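Convention: sequence-line order gives letters A, B, ...; per-chain numbering from 1. Just so it is clear, the structure is predicted and the values come from calculations on it, not from any experiment.
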Amino acid sequence: MYVAVKGGEAAIRNAHKLLADRRRGDRDVAPIQLDQIVEQMSLAVDRVMAEGSLYDPELAALAIKQARGDLIEAIFLVRAYRTTLPRFGYTKALETAQMQIERRISATFKDLPGGQLLGPTFDYTHRLLDPELAEDAPIEAPDQREEPEVFTPRVTDILGHDGMIEEDGELPEGAVAGDLTREPLTFPLERDLRLQALARGDEGFLLGLAYSTQRGYARSHPFVGEIRIGEVEIELDVAELDFPLTLGTIRVTECQMVNQFKGSAKQPPQFTRGYGLVFGQSERKAMSMSLCDRALRARELGEDITATAQDEEFVISHSDNVQSTGFVEHLKLPHYVDFQAELDLIRRMRAEHEHNRLAGVETKEAAE
Amino acid sequence: MIKEDTQSTKTGSGPDLQRKAAMALLAQATAPEIAAFWAGWGDKPEVETLRGPETGLVMLRGRIGGAGAPFNLGEATVTRATVRLGNGAVGHAYALGRHREKVRLAAVFDALWQQPECREAVEEVVLAPIADRLERNRTLKHAETAATKVDFFTMVRGDD
């Protein structure tokens, strides 16, 4: 018999009131403002935009504030919000070659057009806590240098000419980019859908998998061909106008991973590539994404599939932290009836077990 | 769908590019900036809102490998509005973000820009300051990034 019960309304109401109070914390401390989060917690904002799969810094900041800094909860809030809005269309593909660059480095070529631009990086810091930041010490304005603005080609375009490296990935003629927010995923996937899933995938999960490829599981000898961070223009075709409209600019991080490939029956030895593109300034995520992208191309490149990072269904099915947290965390919700049923089952099994044991003893005795 | 005013260009040539550039600047105006331009605008026309301002999403696309086949990267919030002035001129605006009043005013200025008698004023009073600000930001960012450029040099070898 199934008996529906309800209860806990007052408890839930009071729990949420308590949550609001604890979120605010000590009233003698000034409440944090959204512009402070956008400006001073900008990489947290970027992560929420990337994994929430929605570019809107103020919304991400609100989500972070509401989630008390729990970024996965914030990502969940952003994902829920997006379902309330209509879709106006698909933009034109953004042109990372035209990016206004804020950082651009290559680990494969020292001298390249446009140079190595370190930008605002944690690299080469000593990772020592800075007590001065605890105070409100004034910050010096950054240095400036006069340099002509030159076109900064992607490293892979420079390498591409002599066939030493494979070309940008193409889909079959006439293929339209898949959209996992519109159609449920069915495996196997094409690379476009994998990249969409990876771009919104959990940074920690992808980082761990990327690391596993370096430790020998699906080893692929990677080099960072290029990482670039900066702003790109977004253009949209709309029905009411005959030209694409510029909607503004967004910041993205792009990673071109270059990997050794010994060749196959189909292809000569050459460098292959993994690709990462992520909202905001998010180098670790873009690098992890490109390593996972490359590992997941095993089938396409005719490589043996031996490691977890190459297992498309495993990686993509578990990379979304909203799905993961939903299923893991649902376990804490009341399962009283399910558990009661299991309890009954265990009792019956134990009784049977005991019965069989005694029966066994009797037969054994009888045999003796 | 909203009928485009007859003076809107359908040729895909020069005038289109000019309006595209104007609308790109309006999309990148800040909300306070464009509100100030509107507050300072003499002889305000009657404005009727035909659509919005309404906020929705666009799916942003990247390209595999940077320049290969497109893939869907993730969404962004976009706000759009369409207005009609007292004289019948229609203006559109689309911009990233959720600033409804900003986008409504951008549509008003788009409609005004299409009036030959207003275009110069819109360009001087509204578009030029936005373009100046964007250019100043761009130059500053470029110079700040350029200061972090690595200058490699060869260590002097002591073997000669």
Side-chain angles (χ1 to χ4, degrees), chain A residues 50 53-56 59 82 85-94 96-97 100-102 110 115-119 142-147 149 154 156 167-171 175 177 179 191-192 195-196 199-200 234 236 238-243 245-248 250 254 256 273 275 277 279, chain B residues 1-4 8-12 16-17 19-21 23-25 27-28 51 54-78 80 82 90 92-98 138-152:
Chain A
S53 201
L54 182 63
Y55 199 99
D56 187 319
L59 266 184
R82 71 158 281 283
L85 295 179
R87 172 82 71 79
F88 292 165
Y90 291 84
T91 69
K92 296 174 96 68
L94 44 91
T96 52
Q100 192 191 357
I101 288 180
E102 295 167 5
K110 181 166 67 71
Q116 308 264 355
L117 302 161
L118 298 184
D143 289 333
Q144 296 178 35
R145 177 158 133 183
E146 290 293 322
E147 283 262 338
E149 288 198 34
R154 280 186 299 255
T156 41
E167 302 200 336
D168 292 311
E170 290 297 340
L171 292 176
D179 184 353
R191 196 173 172 198
D192 57 337
L195 287 171
Q196 184 182 10
R200 55 173 18 212
I234 302 299
L236 179 72
V238 296
E240 55 270 36
L241 293 165
D242 283 345
F243 48 88
L245 282 179
T246 305
L247 304 180
I250 65 160
E254 181 183 54
Q256 304 273 2
R273 295 160 55 183
Y275 187 65
L277 186 65
F279 285 163
Chain B
M1 195 41 63
I2 294 136
K3 272 271 177 275
E4 192 54 26
S8 144
T9 47
K10 288 280 178 190
T11 52
D16 259 5
L17 285 180
R19 185 167 171 211
K20 178 174 156 57
M23 291 178 83
L25 289 170
Q28 292 175 85
R51 179 175 64 182
E54 59 184 353
T55 298
L57 300 171
V58 290
M59 177 56 88
L60 306 175
R61 285 188 159 153
R63 288 184 185 282
I64 299 174
F71 70 93
N72 293 310
L73 175 64
E75 291 167 310
T77 52
V78 169
R80 67 181 175 191
T82 300
V90 171
H92 299 295
Y94 279 73
L96 288 178
R98 290 166 293 122
R138 191 183 165 83
T139 315
L140 177 66
K141 263 191 189 168
H142 174 74
E144 288 173 351
T145 306
T148 68
K149 184 170 176 174
V150 180
D151 297 313
F152 291 103

So for [X], is it side chain, backbone, both, or neither that comes closer than 4.5 Å to the heavy atoms of chain B?
X: A:Arg200; answer: neither
X: A:Leu54; answer: both
X: A:Tyr55; answer: both
X: A:Leu236; answer: side chain

Return yes if some donor-acceptor pair links the side-chain N/O of [X] with the main-chain N/O of [Y] below 3.5 Å, else return no.
X: A:Thr246; Y: B:Ala24; answer: no
X: A:Arg154; Y: B:Gly66; answer: yes
X: A:Glu149; Y: B:His142; answer: no
X: B:Arg63; Y: A:Ala93; answer: no

- Establish, yes or no, whether the cationic atom of B:Arg80 lies under 6.0 Å from the six-membered ring centre of A:Phe88 and within 45° of the ring axis. yes
Minimum heavy-atom distance [X]-[Y], with the two atoms named:
X: B:Thr148; Y: A:Gly119; value: OG1-N, 2.8 Å
X: B:Gly74; Y: A:Ser53; value: CA-OG, 3.4 Å
X: A:Gln196; Y: B:Phe71; value: N-CD1, 4.1 Å
X: B:Gly62; Y: A:Leu94; value: CA-CG, 4.4 Å

- Could you walk me through whether B:Leu73 and A:Leu195 pass side-chain contact (heavy atoms from CB on, under 4.5 Å), step by step? CA-CA 8 Å; B:Leu73 175 64; A:Leu195 287 171; over 6 Å; no
Calculate, to the nearest 0.5 Å, the distance between atoms [atom1] and [atom2] belonging to [X] and [Y] respectively.
X: A:Arg145; Y: B:Asp151; atom1: CZ; atom2: CG; result: 4.5 Å
X: B:Thr145; Y: A:Gln144; atom1: OG1; atom2: CD; result: 10.0 Å
X: B:Asn72; Y: A:Asp179; atom1: CG; atom2: CG; result: 4.5 Å
X: B:Glu75; Y: A:Thr91; atom1: CD; atom2: OG1; result: 10.5 Å
X: A:Leu277; Y: B:Ile64; atom1: CG; atom2: CD1; result: 11.5 Å
X: B:Phe152; Y: A:Lys110; atom1: CZ; atom2: NZ; result: 6.0 Å

- Message: With a 4.5 angstrom heavy-atom cut-off, is it the side chain or the backbone of B:Glu144 that approaches chain A, or both, or neither?
- Response: both
- Is the shortest heavy-atom distance from the side chain of B:Met23 to the side chain of A:Leu241 under 4.5 Å? yes
- Take atom CD in A:Glu170; do more than 12 heavy atoms of anything else shown fall under 6.0 Å from it? yes
- If you count heavy-atom pairs under 4.5 Å with chain A, which of B:Lys141, B:Gln28, B:Arg138 comes out on top? B:Arg138
- Task: Could you check A:Leu245 against B:Lys20 for side-chain contact (heavy atoms from CB on, under 4.5 Å), going step by step and ending with a plain yes or no?
- Result: CA-CA 6 Å; A:Leu245 282 179; B:Lys20 178 174 156 57; 5.9 Å; no
Taking [options] one by one, which has the highest count of heavy-atom pairs under 4.5 Å against chain B?
options: A:Gly169, A:Gly248, A:Ala199; result: A:Gly169
options: A:Leu247, A:Asp192, A:Leu117; result: A:Leu247
options: A:Lys92, A:Glu146, A:Glu254, A:Gln256; result: A:Gln256

- Test B:Leu60 against A:Tyr90 for side-chain contact (heavy atoms from CB on, under 4.5 Å), laying out the working first. CA-CA 6 Å; B:Leu60 306 175; A:Tyr90 291 84; over 6 Å; no
- Message: Any salt bridge linking A:Asp56 with B:Arg98? Criterion: basic side-chain nitrogen under 4.0 Å from a carboxylate oxygen.
- Response: yes
